[in-house]
Structures are given as C-alpha cells and as structure tokens.
Colleague: 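Let me give you the structure first, and then I'll get to my questions.
Chain letters run A, B, ... following the sequence lines, proteins first, then strands; residues in each count from 1. Since the model is a prediction, treat every value here as computed from it, not as a measurement.
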Number of protein chains: 2
Amino acid sequence: MSPGRAVPPPRPATIKDVAAASGVSRQTVTRAVNAMPGINADTRERVLAAARELGYRPSRFGRGLVKPPTRTLGLLVEDLTNPYYPELASAVLRLAAQAGWNVVLAERAAAPAGGDFLTERFGADVDAVVSFTGLHVPARTDGLAELPIVEIAPGPHETAHGRVDLDLSTAIVEAVAHLHERGVRRPVVLDLPGGSGRAAAFVAAFAARDTTAMRVPTVSTDLAGGLETAGRVLTEVPDVDALVAFNDVTGFGVLRALRLAGVDVPGQVRVLGVDGLAIGSFVTPRLTTLALDMPLVARTALEVVLALHAGTLAPGDPGTRRRVPYRLDVGEST
Amino acid sequence: MSPGRAVPPPRPATIKDVAAASGVSRQTVTRAVNAMPGINADTRERVLAAARELGYRPSRFGRGLVKPPTRTLGLLVEDLTNPYYPELASAVLRLAAQAGWNVVLAERAAAPAGGDFLTERFGADVDAVVSFTGLHVPARTDGLAELPIVEIAPGPHETAHGRVDLDLSTAIVEAVAHLHERGVRRPVVLDLPGGSGRAAAFVAAFAARDTTAMRVPTVSTDLAGGLETAGRVLTEVPDVDALVAFNDVTGFGVLRALRLAGVDVPGQVRVLGVDGLAIGSFVTPRLTTLALDMPLVARTALEVVLALHAGTLAPGDPGTRRRVPYRLDVGEST
DNA sequence: CGACGCGTCGTGAACGTTCACGGCCCCCGA
DNA sequence: TCGGGGGCCGTGAACGTTCACGACGCGTCG
C-alpha cells in the first residue's frame, strides 16, 4: 500500500498499536489476527493491513500466559556431528512429541566452558532438561527453584538429579565370552590416552578367561585415531587376533587399517566396536558392537523427567535412578 | 520437613501461593527464588522451603513478558535418523546460539500428515521457522500474522516464504565431466521408482557428451535399495562402468554389492553418490559425491530468516531467495 | 534528641494477550 | 410502535512475573 515499508518501531508493535492504527479495539484485532468469527470482512482486512504495516507479531509470552500452556523440554547433547547423538535425539523428539512436549535442542560443544550453561542456553523457555553429555551437570547452589533434570551418562554417579546409567559391564563380559569362544587369545584393547574404566573392564573380563589383553592408547577416538593406532598395533603385535575399539567410529578406522594392510576380517583379526551406531551397517564387514537401545534410553529418561515435572517423583527418590544395559550386537567382524 | 510430600495442587502453584504460604509478599519470594540481595537469610530459607513444598516453578511466560525477550527458532527437519539432517541441524544450532537464539527442533516424519503442522508442533513458542524437509510449507490462508519462514529445498519453487534453493545442476555437469574424463562410457543412473528430475539431469549431462546413460529404478533409496539394485544391474548390464547412486546411503549399498560380487572400485566400476555425508569417509573406498556445504546452507538460511524477523527484509523481497550449489567432492570411488 | 542511613520488606504498575460479558445498531415481525 | 434477535464491536479482568518506589524499624552520629 504505502510506497516504502513502514520503518519498524524500535519497540516491537503490540496489539494496542494495531488497534490504535486501525481505529478499533484490542479484541477486534484479536478476532482478525486469529481468524475468529464475529467480525466484518472489511474491518478484518483493514486491521490485517495495519498489522502488516506495523510488522506486528503476537507475543508468545502474552499468549502463553492466557492459553493452556505448552510444555517444552530442553535436550542437551554433546555434539550432533557425532552420529551417536542424533539417534538419541531423534528418539527423544518422537516420544516427546507424542506426549505433547516441544524440544529445545542445544549442543554443549558449541558452548563456552564453565558458566551456568543450562540457564544461559535455555533461558526462560524450558520446563525440564535431559542432558546427554559426558559431563556431570552440577546442582545449582544459589537460590532456588530447581527445574527437573535428568542426566544420561555411563556408569553410576552421585547426583541430585535424575539419572539414567548406561551400563556396559554385562555386555563387556558377554562380548569377551563371544570373542573367546571364537578362539581369540591375543586381544588388544584400544584405550583413551589417559586410560579408562571401559578398557580396564575389558582387560579384567579377558583375565577372567585366562587371557591377557594388551592396552594400547589411541591418539584420538575418531576415525584417524583408529586408523593410525591399528596400523601401529599390526607391526608391534604381529600375532594379534582381536582388536577392541574404544567406540564404533574408531572401529571404522581400525577396519580400514586392516583392509589397507591386507588383513582378513574376521579371518585373521576380529574387531569389536562400542556404541551400536546405526551407520555401522554401512561399512563392510558390518561391525560387531556393544549397542544401546536408544529408543529405550530415550523412553527411560523421559519417564523420569516427566514424572519429576509432574511431581509424581521427588528429586532424590530412588525411582529417579535408572539403568540401561548395553547388549552385544554380533555383526560380521567377529 | 513434612512427613509425606505435599499433594501437587491441581493448578500449578504461583508466586502468590508461595507468598501466602510463607507469610511474605510476592517481591520477597522473587528475591529468594532469584537469589537477589536485600533479603534476610532466614526468610529466604523459609520461602524456599515453602516453594519446594508447593512444587512451585516460575512460569516462563510471566517471566518472558517482563524480561528482555528470548528469541527462539523452530527448525523442522525431515528425519534426524537420516545422517543428512544432523549435519545441517548442528550447523544451525551453532550459528543460532551465536546470535543468541534458541532452537526448537521437530521432525516432520514424526508428525501426522496434513494439519497445520507448524503451529501444532511449535505452538506458541517460536519466533521464526527454518524448514528443511522435502515438502513445501503452505502459506497460511486464514487470518493472520505470519511468522517468518524459510524453506531449504532442492530446486526453485514459487512460495511466499523465504527460500534457499539447493542447486545440483552445475555439480551434475561437473561430475559427469569428471566421470567421462575417467573413461566412463556405459553409465547407469539409479532413479526413484517414479522417476526424478535429478536422474533426468544426469542422463541429459551424459547425453551432452554423446554418452547414453541407462536409468534404473530402485525399490528404495536406502542401503538395501542400493544393494539390491546394483546387484541386478551387474547381471543385466555386464559391461556397466559407472553407477550413479541417488544419494550417499544408496551409494553405500552399491559399494557393498560390488564388493560382494568381487568387482573392483574404481578399477572396473566407478561409483558416485549425492549428499556429501561426513560419514562417507567411514566407508572404503571413500565415496565420491556431490556435496553440500552445510554450514553455508545454515548460514544462508539464518541470514534470511533473521532479516525477515528483524523486518530488514520483507516477505516476497528478492533478497529472500537464495541459491546454494552442490560441489563435486572427489573421493576414491571414481 | 532529631536526622540520617541501612537493612529488610511491601505496594502499585506494567508487560501483551485472551476470555466473558455487555452494549449498540439495525432489521424484522407482531 | 414496540419487542426481540442477530451482527458487530468494546470494556474490564485475568494470566504470573518483575521493576520502581516507598515504608518501616533500628542503630549511629552530630
């Protein structure tokens, strides 16, 4: 209508501004904007024109105050780029949607270290939080009204929040039994540079079967780390007959190293991963791995956090601590 | 304090309830809950106890109305399980966080067909939307105040919203040139069951180099589809020397089929994917593919949607239409 | 003894929207 | 002519929170 677009006001336009501009009352503006009945077609057009002109957009806060409330869950993951996390995120999204909740997603990797990350990142618009990062979420010590938090993390940990413990122990025993039955006697376990409980558990499980497993630190737990470390192991431990990778992505690197070296998998060397990534089925041979039932993890975490939110469960209640075991998923690499 | 936990009130407790329960005013409750100064330590404890007892949690709407507003972006993707989408989602998350925006994520795959998906899914808590699904987002025809929407989708399309066109055309020409120079003369293009512009463009590009490409429909565009279709092609077209997969995941299936058949890649048959998935580097040989610069896509979409939100750009403005080309990413499979 | 300051707390107003209700006008039928 | 009804529109109140300001009591100092 007007030649130039109206300059946007410094302060965002409210429903009153639109009402004043079109010479009607607030209620009539509401009727026009929300396509409600009981309004003349001409006035509706006039009001909508004014709204467009002013760049009016209804405030979701004013609205949320009056309408039946929307529930929003904050989901904090480490890094979406790592295929491990989208699988959980997807499961959480579906279940949350089913329960009528929205999901705000944030990556911890993209955040400044320290600081009260939760409130800083999610601000005033989440009603509960599920955290799936390596880190422990500290309980707030200042004021105040806690919002329900559930952590998903490996192993048990003392915390004031709800918690889903991801338990590798039984699966490790199972996997070692599987490898041992296949004749593995000279296994090598890839480890973090600083060592880890995970690798220690593998070594212990092998020891229980009178087999000594070597621990070799990787430079990194990504593809390159697996590639480089596996290559080194092949020359230093020529009679190795199994490689336990720290995770699936590292395992992919191991597979590639073995292939480059002309080593047959699983004929000469067997390879085991940890994670159970869906994309594990993209590589050849399909990786045997310790897998997590991600939909189950998501369901468990949501159960707890929704119960906390509803007040059915109190913080500190034993019911806020759950355990989800890994299970052995036999592919073609062992 | 009390023996049993107080029964949660049918109506969620407000700040007034807490004030009444602890015999102070609203403002004092605010001071306690928000850890503000100017309150006696004893009263603070008393108020916080009452708040816990009542299960009080401050309303983010009431709060949002008063405090400087938080901006929230709705990101709609097709399916997080498909590795294609997390790469974009991750890029959007980082850039949005940098701009001080939150991101609400939703999957279209998890939604009921039809219906006003946007408002239904995001409810009253997004300020703008970026949509990255196959589908076109219909413009609302009823009332009302539009919220800024940007679609990311292949090829141009008439729409009232902002738009980022993903353009394969130049990359297809480039890829075909690459294959042709490598000596490809009997290419087969995997296609959707119903046919597609993408496959047609490949055929046309080959034709421009006096090479006739066969089109073969796949049953599905996942790993199994690539596996099965490539197997069939090998028997029906024994002298095939290149396979163009519809996307990367299908390409992984093709690679596996060729490996099972003992066909050397790229020696006997060259394989091309489309998507440029980061996980393409996990397979051996690394897939040559038409890749998208996802951070660039994210940056472009955010630029447009933020400008629309700020009013810098008006809907329908030519600046709301952008183009991002695919580029050829040469791996080991061609 | 009065003024002043500090620590602690309460009161009205404002944020932007929708809901429930009531009022006006005009047309129609008795 | 009057009553009634329907179409259209406006007014107060409410949602839950925070901000700006003022009030009260007590101790200290001039």
Side-chain angles (χ1 to χ4, degrees), chain A residues 9-48 50-51 54-72 119 123-125 127 143-145 147, chain B residues 9-48 50-51 54-72 119 123-125 127 143-145 147:
Chain A
R11 169 184 59 85
T14 84
I15 200 173
K16 282 186 194 168
D17 299 327
V18 179
S22 46
V24 298
S25 72
R26 299 181 321 249
Q27 182 61 14
T28 300
V29 176
T30 293
R31 282 190 265 255
V33 167
N34 294 3
M36 299 169 69
I39 184 179
N40 182 288
D42 290 344
T43 29
R44 169 165 50 229
E45 278 318 310
R46 190 156 42 88
V47 169
L48 289 180
L54 293 175
Y56 167 71
R57 209 145 30 219
S59 150
R60 66 173 199 272
F61 294 114
R63 204 170 253 180
L65 215 46
V66 173
K67 301 281 234 176
T70 312
R71 260 63 224 247
T72 301
T119 57
D125 39 26
D127 299 298
L144 78 123
L147 78 171
Chain B
R11 169 184 59 86
T14 83
I15 200 174
K16 283 186 193 168
D17 299 327
V18 179
S22 46
V24 298
S25 72
R26 301 182 319 248
Q27 183 61 16
T28 301
V29 176
T30 294
R31 281 189 266 254
V33 167
N34 294 3
M36 300 168 69
I39 183 179
N40 183 287
D42 290 343
T43 29
R44 169 165 51 228
E45 278 318 308
R46 191 157 40 89
V47 169
L48 289 181
L54 293 175
Y56 167 71
R57 208 143 34 218
S59 150
R60 64 174 199 271
F61 293 115
R63 204 170 252 179
L65 213 47
V66 172
K67 302 280 239 180
T70 312
R71 266 44 228 253
T72 301
T119 57
D125 39 25
D127 299 298
L144 75 120
L147 79 172

Colleague: Does A:Ser59 place a side-chain N or O at less than 4.0 Å from the phosphate oxygens OP1/OP2 of C:dC15?
Modeller: no
Colleague: Mapping B:Thr43 and B:Gly62 onto DNA chain C by nearest heavy atom, which one lands closer to the 5' end?
Modeller: B:Thr43
Colleague: Within this structure, what is the NZ-CZ distance for the pair B:Lys16 and B:Arg26, rounded to the nearest 0.5 Å?
Modeller: 7.0 Å
Colleague: Is there a donor-acceptor pair under 3.5 Å between the side chain of A:Asn40 and the backbone N or O of A:Asp42?
Modeller: yes
Colleague: Output yes when at least one side-chain N/O atom of A:Thr28 is less than 4.0 Å from OP1 or OP2 of D:dG10, else no.
Modeller: yes
Colleague: For the backbone of B:Val18 and the side chain of B:Ser22, can you confirm whether one donor and one acceptor N or O come within less than 3.5 Å of each other?
Modeller: yes
Colleague: On a plain distance test, is the side chain of A:Arg60 in donor-acceptor contact with the base of C:dG16 below 3.5 Å?
Modeller: no
Colleague: Looking only at the side chain of A:Lys67 (C-beta and beyond, no hydrogens), which of the listed nucleotides C:dT18, C:dA14, C:dT17 gets closest?
Modeller: C:dT18
Colleague: Whole angstroms only, please: what is the CG-C1' distance between A:Asp17 and C:dG16?
Modeller: 11 Å
Colleague: Would you kindly give the CD1-to-P distance between B:Ile15 and D:dC15, to the nearest whole Å?
Modeller: 14 Å
Colleague: So, is A:Asn34 near the phosphate of C:dT18, with a side-chain N or O under 4.0 Å from OP1 or OP2?
Modeller: yes
Colleague: Provide, to the nearest angstrom, the distance between the CE atom belonging to B:Met36 and the P atom belonging to C:dG7.
Modeller: 16 Å
Colleague: Taking atom C1' of C:dG10 as reference, at what distance in whole Å does atom NZ of B:Lys16 sit?
Modeller: 14 Å
Colleague: Between B:Asp17 and B:Thr14 (side chain of the first, backbone of the second, donor and acceptor by atom type, cut-off under 3.5 Å), is there such a pair?
Modeller: yes
Colleague: In whole angstrom, give the distance that lies between atom CZ of A:Arg63 and atom P of D:dG16.
Modeller: 18 Å
Colleague: Quick one: is D:dT18 close enough that its OP1 or OP2 comes under 4.0 Å of any side-chain N or O from B:Thr30?
Modeller: yes
Colleague: Rounding to a whole Å, what distance do you find between B:Asp42:CG and C:dG7:C1'?
Modeller: 14 Å
Colleague: Are B:Arg26 and D:dT18 close enough that a side-chain N or O sits under 4.0 Å from OP1 or OP2?
Modeller: no
Colleague: Within this structure, what is the CD1-to-C1' distance between B:Ile39 and D:dC19, rounded to whole angstrom?
Modeller: 16 Å
Colleague: Which of these nucleotides, D:dT17, D:dG10, C:dT17, is closest to any side-chain atom of A:Val24?
Modeller: D:dG10
Colleague: Check step by step if side-chain hydrogen bond (donor to acceptor under 3.5 Å, both in side chains) holds for B:Thr28 and B:Arg44.
Modeller: CA-CA 8 Å; B:Thr28 301; B:Arg44 169 165 51 228; over 6 Å; no
Colleague: Nearest to the side chain of B:Ser25, which nucleotide is it out of D:dA13, D:dG16, C:dT11?
Modeller: C:dT11
Colleague: Of B:Gln27 and B:Leu65, whose closest DNA chain D nucleotide lies nearer the 5' terminus?
Modeller: B:Leu65
